[in-house]
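Worksheet for the structure shown next.
Keep in mind it's a predicted model, so treat the numbers as computed, not measured.
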Amino acid sequence: MEIPVKTNILDKNAKIANRVNQRLRESGIITINLMGSPGSGKTSLLEQTIVGLKGKLKLAVIEGDLFTSKDADRINAYGVPVIQINTSGGCHLDASMIELALTDLELKGVDLLIIENVGNLVCPAEFELGEDSRALVFSITEGEDKPLKYPLIFKRSAAVIINKIDLLPHTAFDMTTLIDDIKAINPSVQIIAVSCHNGEGFGDWLNWLCEQVQRKKK
């Protein structure tokens, strides 16, 4: 009996992602794929990032969400180009969605495109979007056991932003265990601890973003 073999969807996605990356690079745009669980603070981080980089870099944003435009509405209030992708229940963005979104997104003069992926720690790690780097937002309210339970997303991230550190005094969260486990999975990852509530550590995050743009534009 002959067994039909269908095209690997990840291979097809990777080809589209390469095309997206080439187009963005030719436009001088560096792209960050921002991943993380629901409630980790991705959109809050984006809002503070827009404020912090005002006058330094021109940003555009693609928002991924299952059904709503709530996050895109928040970003739109800051006056940056933003487009919403609704996946209608799909658990991640893929490169074809980004390629289509670029046809409607104003990219003239943009230095940095940030894609806020759909919120979970599994599927977004599998699919390239044409990004230059990946950053994972992880909040201390998720528990320090997550790197070992979901290692792929930590392994494939260039930076892990540990958010909500202002809550540390009120929890039993083990920061040492978290960082040790992340480093065991991905020794070269940049770990940045921030609070979107009081701004602590935000300078390190903004510096990392600026370094990505400067390094990859050379």
Side-chain angles (χ1 to χ4, degrees), residues 10 12-36 41-88 90 92-119 123-137 156-159 161 190 196 202 205-218:
L10 291 179
K12 181 181 178 182
N13 182 77
K15 290 177 182 176
I16 300 173
N18 286 336
R19 199 161 64 215
V20 169
N21 184 266
Q22 183 177 358
R23 177 184 172 186
L24 290 168
R25 286 206 167 211
E26 287 174 352
S27 300
I29 299 169
I30 301 304
T31 306
I32 303 294
N33 179 1
L34 191 66
M35 305 177 294
K42 297 187 295 299
T43 309
S44 295
L45 186 88
L46 262 175
E47 291 176 308
Q48 297 298 324
T49 300
I50 292 167
V51 173
L53 292 180
K54 187 176 182 179
K56 298 177 182 176
L57 295 175
K58 184 174 180 181
L59 272 67
V61 175
I62 293 176
E63 283 284 350
D65 192 89
L66 273 66
F67 297 108
T68 79
S69 64
K70 289 182 178 294
D71 293 343
D73 292 341
R74 288 169 59 180
I75 298 304
N76 188 51
Y78 289 85
V80 302
V82 58
I83 191 165
Q84 179 74 57
I85 299 175
N86 287 133
T87 61
S88 300
H92 61 86
L93 297 175
D94 64 34
S96 65
M97 297 174 185
I98 303 303
E99 187 171 51
L100 183 61
L102 291 180
T103 62
D104 293 322
L105 187 61
E106 177 55 60
L107 294 174
K108 186 177 181 180
V110 168
D111 302 296
L112 177 63
L113 171 64
I114 299 181
I115 303 169
E116 182 179 343
N117 215 316
V118 175
C123 315
E126 297 277 2
F127 286 79
E128 299 175 27
L129 303 180
E131 71 269 25
D132 293 289
S133 297
R134 297 179 176 189
L136 172 65
V137 183
R156 293 187 174 178
S157 296
I161 302 97
Q190 182 74 39
C196 290
F202 232 80
W205 162 240
L206 298 181
N207 288 338
W208 185 83
L209 283 175
C210 290
E211 288 171 2
Q212 299 303 302
V213 173
Q214 292 166 3
R215 181 167 59 85
K216 293 187 176 180
K217 280 195 171 183
K218 289 181 180 178

Do [X] and [Y] come close enough that some side-chain heavy atom pair is under 4.5 Å?
X: Ile32; Y: Arg134; result: no
X: Ile115; Y: Glu63; result: no
X: Ile114; Y: Leu112; result: yes
X: Ser27; Y: Leu107; result: no
X: Arg19; Y: Lys15; result: no
X: Leu45; Y: Phe202; result: yes
X: Leu59; Y: Val110; result: no
X: Leu93; Y: Phe127; result: no

- request: Would you sort out whether Thr87 and Met97 count as a side chain to side chain contact (heavy atoms under 4.5 Å, CB included), showing the intermediate values?
  value: CA-CA 9 Å; Thr87 61; Met97 297 174 185; 4.1 Å; yes
Specify the closest pair of heavy atoms between [X] and [Y], including all atoms of both residues, with the distance to one decimal.
X: Leu102; Y: Arg23; value: CB-NH1, 3.4 Å
X: Leu24; Y: Gly130; value: CD1-O, 4.4 Å
X: Ser157; Y: Leu136; value: OG-CB, 3.5 Å
X: Leu46; Y: Glu116; value: CD1-OE1, 3.4 Å

Spacing of [atom1] belonging to [X] relative to [atom2] belonging to [Y], to within rounding of 0.5 Å:
X: Leu129; Y: Met35; atom1: CG; atom2: CE; result: 9.0 Å
X: Ile29; Y: Leu57; atom1: CD1; atom2: CG; result: 12.0 Å
X: Asn76; Y: Arg74; atom1: CG; atom2: CZ; result: 13.0 Å
X: Asn21; Y: Ile98; atom1: CG; atom2: CD1; result: 12.0 Å
X: Asp111; Y: Leu53; atom1: CG; atom2: CG; result: 9.5 Å
X: Ile75; Y: Ile62; atom1: CD1; atom2: CD1; result: 12.5 Å

Exercise. Any side-chain donor paired with an acceptor under 3.5 Å for Asn86 and Ser88?
Worked result: no
### Task
Could you verify whether a donor N or O on one side chain and an acceptor N or O on the other, from Ser133 and Gln212, lie under 3.5 Å apart?
yes
task = Tell me, with the steps shown, if His92 and Glu126 meet side chain to side chain contact (heavy atoms under 4.5 Å, CB included).
result = CA-CA 9 Å; His92 61 86; Glu126 297 277 2; over 6 Å; no
Are Asp71 and Lys42 close enough, and set up right, to give a salt bridge (charged side-chain N to carboxylate O under 4.0 Å, His left out), and what steps lead you there? CA-CA 9 Å; Asp71 293 343; Lys42 297 187 295 299; over 6 Å; no
